[in-house]
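Residue numbers start from 1 in every chain, and the chains themselves are labelled A, B, ... in the order their sequence lines are given, proteins ahead of strands. What you see below is based on every heavy atom in this structure, not just the backbone, and it leaves out hydrogens, waters and symmetry mates.
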Amino acid sequence: NAGVTQTPKFRVLKTGQSMTLLCAQDMNHEYMYWYRQDPGMGLRLIHYSVGEGTTAKGEVPDGYNVSRLKKQNFLLGLESAAPSQTSVYFCASSYSVTGGPNQPQHFGDGTRLSIL
Amino acid sequence: GDSVTQMEGPVTLSEEAFLTINCTYTATGYPSLFWYVQYPGEGLQLLLKATKADDKGSNKGFEATYRKETTSFHLEKGSVQVSDSAVYFCALSMNTGFQKLVFGTGTRLLVSP
């Protein structure tokens with residue numbers, strides 16, 4: 001199994017450009033998440049989804065949009081990139097609580113994004 | 001709000017040394033606690049977890065005990081290997097509704113031969 005796959009792995013953007021990060025999981029997980037990882041700050045939740053067609057804001061949602069049109073995919077969009085969005089972005093997925101409490105999150109390998 | 005505090009790194013050890021990485025938490029209720037590990041160039045992987053007070057999580061020689069009285073979940077390993085070099089994240093999740101993970105800032109471990 002591929003698990004959680006993120007594309008692209010690296011990207012450099014200019015301020016004001018837009019782009020979409022793609023996350024795909026093949027584990028039939030209900031929940032999906034987008035995090036950003038910055039030095040000295042750990043991982044912070046941007047947006048999450050508890051099922052196909054649903055999304056919700058996390059801790060740091062400003063400047064990002066998401067969509068979950070299919071259960072296996074979770075897209076993260078930057079409409080107008082800013083230097084403050086330079087970060088490493090991780091997607092994760094997990095079963096819902098109906099599968100039992102404390103389901104582990106499975107992470108992709110990350111997308112390193114630089115905004116100039 | 002809920003938070004996790006980890007010791008700052010890097011932690012530098014020689015192979016076969018004893019490892020402790022400290023983690024304390026602040027939460028309004030009784031969370032579940034986790035350790036995740038991130039190897040270079042990879043995403044995070046669950047290392048171990050504990051869901052209630054006095055539980056001990058263990059995996060790959062690593063252990064951590066959920067101490068409610070000291071709000072701690074310290075990670076230990078008796079004899080580290082070079083392959084254990086990674087960043088270790090402590091995290092908590094409240095056991096209500098959507099299980100959002102709150103992460104600490106991570107501790108980098110460097111093990112030399």
Side-chain angles (χ1 to χ4, degrees), chain A residues 2-7 9-10 21 23-25 27 29-51 54-61 87-112, chain B residues 1-10 21 23-27 29-53 55 57 59 64 66 73 86-108:
Chain A
V4 179
T5 303
Q6 292 183 232
T7 54
K9 295 190 184 303
F10 305 94
L21 280 64
C23 177
Q25 54 94 3
M27 296 172 282
H29 287 164
E30 291 83 6
Y31 292 175
M32 296 188 75
Y33 319 77
W34 275 108
Y35 294 90
R36 59 178 290 172
Q37 182 181 29
D38 300 293
M41 302 188 75
L43 276 75
R44 293 180 292 169
L45 184 65
I46 305 171
H47 286 279
Y48 63 95
S49 168
V50 299
T54 71
T55 63
K57 294 179 180 180
E59 185 182 357
V60 288
S87 186
V88 181
Y89 292 85
F90 285 99
C91 177
S93 68
S94 70
Y95 288 113
S96 72
V97 295
T98 55
N102 307 305
Q103 295 290 331
Q105 294 186 18
H106 298 258
F107 286 79
D109 289 343
T111 295
R112 187 173 296 276
Chain B
D2 303 330
S3 65
V4 174
T5 302
Q6 289 181 238
M7 60 189 292
E8 288 194 23
I21 299 178
C23 171
T24 57
Y25 67 90
T26 302
Y30 300 102
S32 294
L33 301 172
F34 306 83
W35 277 101
Y36 279 80
V37 58
Q38 183 181 28
Y39 298 103
E42 298 183 8
L44 280 70
Q45 305 172 25
L46 179 66
L47 181 59
L48 53 84
K49 69 179 183 182
T51 59
K52 61 183 187 296
D55 267 1
N59 186 25
Y66 189 141
F73 193 54
V87 180
Y88 292 82
F89 290 91
C90 186
L92 68 79
S93 173
M94 299 309 297
N95 298 314
T96 55
F98 173 70
Q99 294 174 339
K100 172 190 166 187
L101 278 174
V102 176
F103 287 92
T105 55
T107 302
R108 182 176 300 276

Trainee: Given S94(A), which of Y31(A), Y48(A), Y33(A) fulfils the side chain to side chain donor-acceptor pair (under 3.5 Å) condition?
Mentor: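 Exactly one candidate clears the test, Y33(A).
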Trainee: Do you know which of D38(A), V4(A), V88(A), L43(A) has the most heavy-atom pairs with chain B at a distance under 4.5 angstrom?
Mentor: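 Counting heavy-atom pairs under 4.5 Å, the top option is L43(A).
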Trainee: Relative to chain A, which segment of Q6(B) carries a heavy atom at a distance below 4.5 Å: side chain, backbone, both, or neither?
Mentor: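 For Q6(B), no heavy atom lies under 4.5 Å from chain A.
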Trainee: Between V87(B) and F89(B), does the side-chain contact (heavy atoms from CB on, under 4.5 Å) criterion hold? Intermediate values first, please.
Mentor: CA-CA 7 Å; V87(B) 180; F89(B) 290 91; 3.6 Å; yes
Trainee: Considering residues at least two apart in sequence or located in another chain, which fulfil the ring pair (Phe, Tyr, Trp, His ring centres under 6.0 Å) criterion with Y36(B)?
Mentor: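 Partners of Y36(B) by the ring pair (Phe, Tyr, Trp, His ring centres under 6.0 Å) criterion, ordered by chain and then number, come out as F107(A), F103(B).
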Trainee: Under 4.5 Å, counting heavy-atom pairs only, tell me which of K9(A), Q37(A), Q6(A), M41(A) racks up the most with chain B.
Mentor: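 Option with the greatest count: Q37(A).
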Trainee: How would you list, by chain and number, every residue that makes a ring pair (Phe, Tyr, Trp, His ring centres under 6.0 Å) with H29(A), sequence neighbours excluded?
Mentor: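 Counting only residues at least two positions away or on another chain, H29(A) forms a ring pair (Phe, Tyr, Trp, His ring centres under 6.0 Å) with Y95(A), H106(A).
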